[in-house]
Amino acid sequence: MSNFSDIGFDINTEEEFQDLLEKTYHESTLIRVNDGTYAVYADESGAELWIQLNNANECIGANPHYKGSSRRKVCLTATVERPERPLDGGFYAWAEPAAQQQPESGLYPFVFDVPDFKTLEPLSFPADVEIQLTAFAQDVQLYENEAAFDAAQTKEPKFAVQSFIPSGLFSASEEGEPDMPEAFGFFTGTIKRAEGRKNALTGQIFYVLLVDTLGGEIDVVADAGFFEKAPLVNEIIQVECWLSGQLINP
């Protein structure tokens, strides 16, 4: 299971990845930017693949995204540049700020990656914006209700039904020095909407969940292999994830 299989692109070898890029590239929309081109494949399921090309038209990367329905207010405080991957990037943000342009009035800081990062105009920080945020599941725990969730918490620390830990801010290098922050999170929330989707290109099923957690809504996409049974509305879900977001009307 991977970020790609979370939206129905189940690839296990380099050859399968190359085949996927070739198939989607020919059905993609090209978006040219200063450092190259994004070739964007938009599947009817909502799954997206953002293929990255350099100025010599060579493929240098690809990121998945899911264009979901979540909306949340955040205050951006800085960009996250990734020089080794020139078309990648993201933002530092604070969730649900209580006051305009006062990020630390928010609930917590976090980092999210942005698939169309180099298409955005420069921002002045702090910047109050609305975003759509997708969590690509890397590990999932599902609980029938709040009582079942509470009963399962036998170790410290115990988590609230709505909680969010910006785990990507705690990364460190092997030498113990602070490393580049990553767009990872660990959160608990209540499922408000649950639906199985079929990737039109591959025919593979994945789940799309709208989850209410601390700081607002998050779209969760997850490989069907995470679940023994289909997730249901009002169940409690705990997710370890990679975060991919887009600004709404930037």
Side-chain angles (χ1 to χ4, degrees), residues 1-24 27-28 40-51 62-71 112-113 115 132-146 148-149 152 159 161-165 167-168 182-213 216-246:
M1 290 178 277
S2 70
N3 293 338
F4 291 97
S5 70
D6 280 340
I7 52 173
F9 296 120
D10 189 8
I11 48 179
N12 299 294
T13 65
E14 183 67 26
E15 290 74 17
E16 290 177 350
F17 185 57
Q18 292 291 339
D19 185 54
L20 173 65
L21 294 182
E22 289 177 10
K23 286 180 179 178
T24 53
E27 298 182 40
S28 295
V40 188
Y41 172 76
D43 190 80
E44 63 186 51
S45 65
E48 295 183 345
L49 190 62
W50 288 72
I51 302 170
N63 287 319
H65 185 65
Y66 179 81
K67 193 174 290 295
S69 60
S70 67
R71 298 291 184 269
F112 65 98
D113 285 331
Q132 183 270 318
L133 189 64
T134 298
F136 283 74
Q138 298 180 338
D139 188 51
V140 172
Q141 300 295 325
L142 199 63
Y143 304 92
E144 184 178 0
N145 50 42
E146 188 171 344
F149 172 71
F159 297 98
V161 170
Q162 289 195 341
S163 58
F164 189 105
I165 296 175
S167 52
E182 298 290 346
F184 296 140
F186 178 81
F187 66 89
T188 306
T190 303
I191 299 174
K192 294 302 183 184
R193 191 159 64 241
E195 183 181 357
R197 291 283 180 93
K198 178 187 285 188
N199 185 303
L201 182 69
T202 66
Q204 294 164 7
I205 300 297
F206 63 98
Y207 282 99
V208 178
L209 314 173
L210 184 65
V211 175
D212 185 23
T213 186
E217 298 176 341
I218 300 181
D219 295 293
V220 176
V221 289
D223 188 309
F226 279 117
F227 305 103
E228 294 181 359
K229 65 175 186 65
L232 300 174
V233 170
N234 292 328
E235 288 185 324
I236 307 300
I237 191 168
Q238 195 165 59
V239 185
E240 185 176 344
C241 64
W242 168 63
L243 297 165
S244 176
Q246 287 186 301

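Sequence positions, counted from 1, serve as the residue numbers for this chain. Values in this document were obtained by computation on a predicted structure and should not be read as measured data.
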Please report the closest heavy-atom contact between [X] and [Y], naming both atoms and the distance.
{"X": "Arg71", "Y": "Gly68", "result": "NH1-O, 3.5 Å"}
{"X": "Ser45", "Y": "Tyr66", "result": "O-CE1, 3.3 Å"}
{"X": "Ala222", "Y": "Phe227", "result": "CB-CE1, 3.7 Å"}
{"X": "Asp212", "Y": "Gln162", "result": "OD2-NE2, 3.0 Å"}
{"X": "Asp223", "Y": "Asp6", "result": "N-OD1, 2.9 Å"}
{"X": "Ile191", "Y": "Pro231", "result": "CD1-CB, 4.0 Å"}

- Message: Quick check: Phe159 with Phe187 (ring centres under 6.0 Å apart)?
- Response: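 No, the ring centres sit 6.0 Å or more apart.
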- With sequence neighbours left out, write down each residue that passes ring pair (Phe, Tyr, Trp, His ring centres under 6.0 Å) with Phe149, or none if nothing qualifies.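 Phe149 satisfies ring pair (Phe, Tyr, Trp, His ring centres under 6.0 Å) with Tyr143 only.
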- Task: Check ring pair (Phe, Tyr, Trp, His ring centres under 6.0 Å) between Phe136 and all other residues, then give those that pass, not counting sequence neighbours.
- Result: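 In terms of ring pair (Phe, Tyr, Trp, His ring centres under 6.0 Å), with neighbours along the sequence ignored, Phe136 is linked to Trp242.
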Nearest-0.5 Å distance that lies between atom [atom1] in [X] and atom [atom2] in [Y]:
{"X": "Ile51", "Y": "Asn63", "atom1": "CD1", "atom2": "CG", "answer": "11.0 Å"}
{"X": "Phe9", "Y": "Lys23", "atom1": "CZ", "atom2": "NZ", "answer": "10.5 Å"}
{"X": "Arg193", "Y": "Ser69", "atom1": "CZ", "atom2": "OG", "answer": "4.0 Å"}
{"X": "Ser5", "Y": "Asn12", "atom1": "OG", "atom2": "CG", "answer": "8.5 Å"}
{"X": "Ser70", "Y": "Asp219", "atom1": "OG", "atom2": "CG", "answer": "3.5 Å"}
{"X": "Thr190", "Y": "Leu210", "atom1": "OG1", "atom2": "CG", "answer": "11.0 Å"}

- Task: Apply ring-ring contact (aromatic ring centres under 6.0 Å, His included) to Phe4 and Phe17, showing your working.
- Result: CA-CA 10 Å; Phe4 291 97; Phe17 185 57; 5.7 Å; yes
- Task: Report yes or no: does Gln204 contribute a side-chain atom to a donor-acceptor pair with the main-chain N or O of Asp10 at less than 3.5 Å?
- Result: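 Yes.
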- Query: Do side-chain atoms of Asp43 reach the backbone of Leu201 as a donor and acceptor pair under 3.5 angstrom?
  - Reply: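 Flag set: sc Asp43 to bb Leu201 pair under 3.5 Å.
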- Between Thr188 and Gln238, do the side chains contain an N or O donor and an N or O acceptor separated by less than 3.5 Å?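 Gln238 and Thr188 do have a side-chain donor-acceptor pair below 3.5 Å.
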- Message: If you count every heavy atom of other residues, nucleotides or ligands that lies below 6.0 Å from Glu16 atom CD, does the total exceed 12?
- Response: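 Result for CD/Glu16: enclosed.
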- Message: Go through it in stages, so that I can follow the logic: the residues are Val161 and Ile236, the test is side chain to side chain contact (heavy atoms under 4.5 Å, CB included), and I'd like the CA-CA distance, side-chain angles, deciding distance and then a yes or no.
- Response: CA-CA 7 Å; Val161 170; Ile236 307 300; 3.7 Å; yes
[X] side chain near [Y] side chain, heavy-atom distance below 4.5 Å:
{"X": "Asp139", "Y": "Val239", "result": "no"}
{"X": "Ser244", "Y": "Pro64", "result": "no"}
{"X": "Val211", "Y": "Ile237", "result": "yes"}
{"X": "Thr134", "Y": "Val221", "result": "yes"}

- Query: Can Glu195 and Arg197 be said to form a salt bridge (charged side-chain N to carboxylate O under 4.0 Å, His left out), step by step?
  - Reply: CA-CA 6 Å; Glu195 183 181 357; Arg197 291 283 180 93; 2.9 Å; yes
- Can you name the residues that form a side chain to side chain donor-acceptor pair (under 3.5 Å) with Glu14, not counting sequence neighbours?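 Glu14 satisfies side chain to side chain donor-acceptor pair (under 3.5 Å) with Gln18 once adjacent residues are dropped.
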- Item | SB check Glu235 Lys229 (cutoff 4.0 Å) |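 Yes, this pair counts.
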- Query: Salt bridge check: are Glu48 and Lys67 linked by an N-O gap of less than 4.0 Å?
  - Reply: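 Salt bridge flag = yes for Lys67 with Glu48.
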- Show your reasoning for whether side chain to side chain contact (heavy atoms under 4.5 Å, CB included) applies to Gln138 and Phe184. CA-CA 10 Å; Gln138 298 180 338; Phe184 296 140; 4.0 Å; yes
- Task: Show the numbers, then the answer: is there a side chain to side chain contact (heavy atoms under 4.5 Å, CB included) between His65 and Gln132?
- Result: CA-CA 11 Å; His65 185 65; Gln132 183 270 318; 3.0 Å; yes
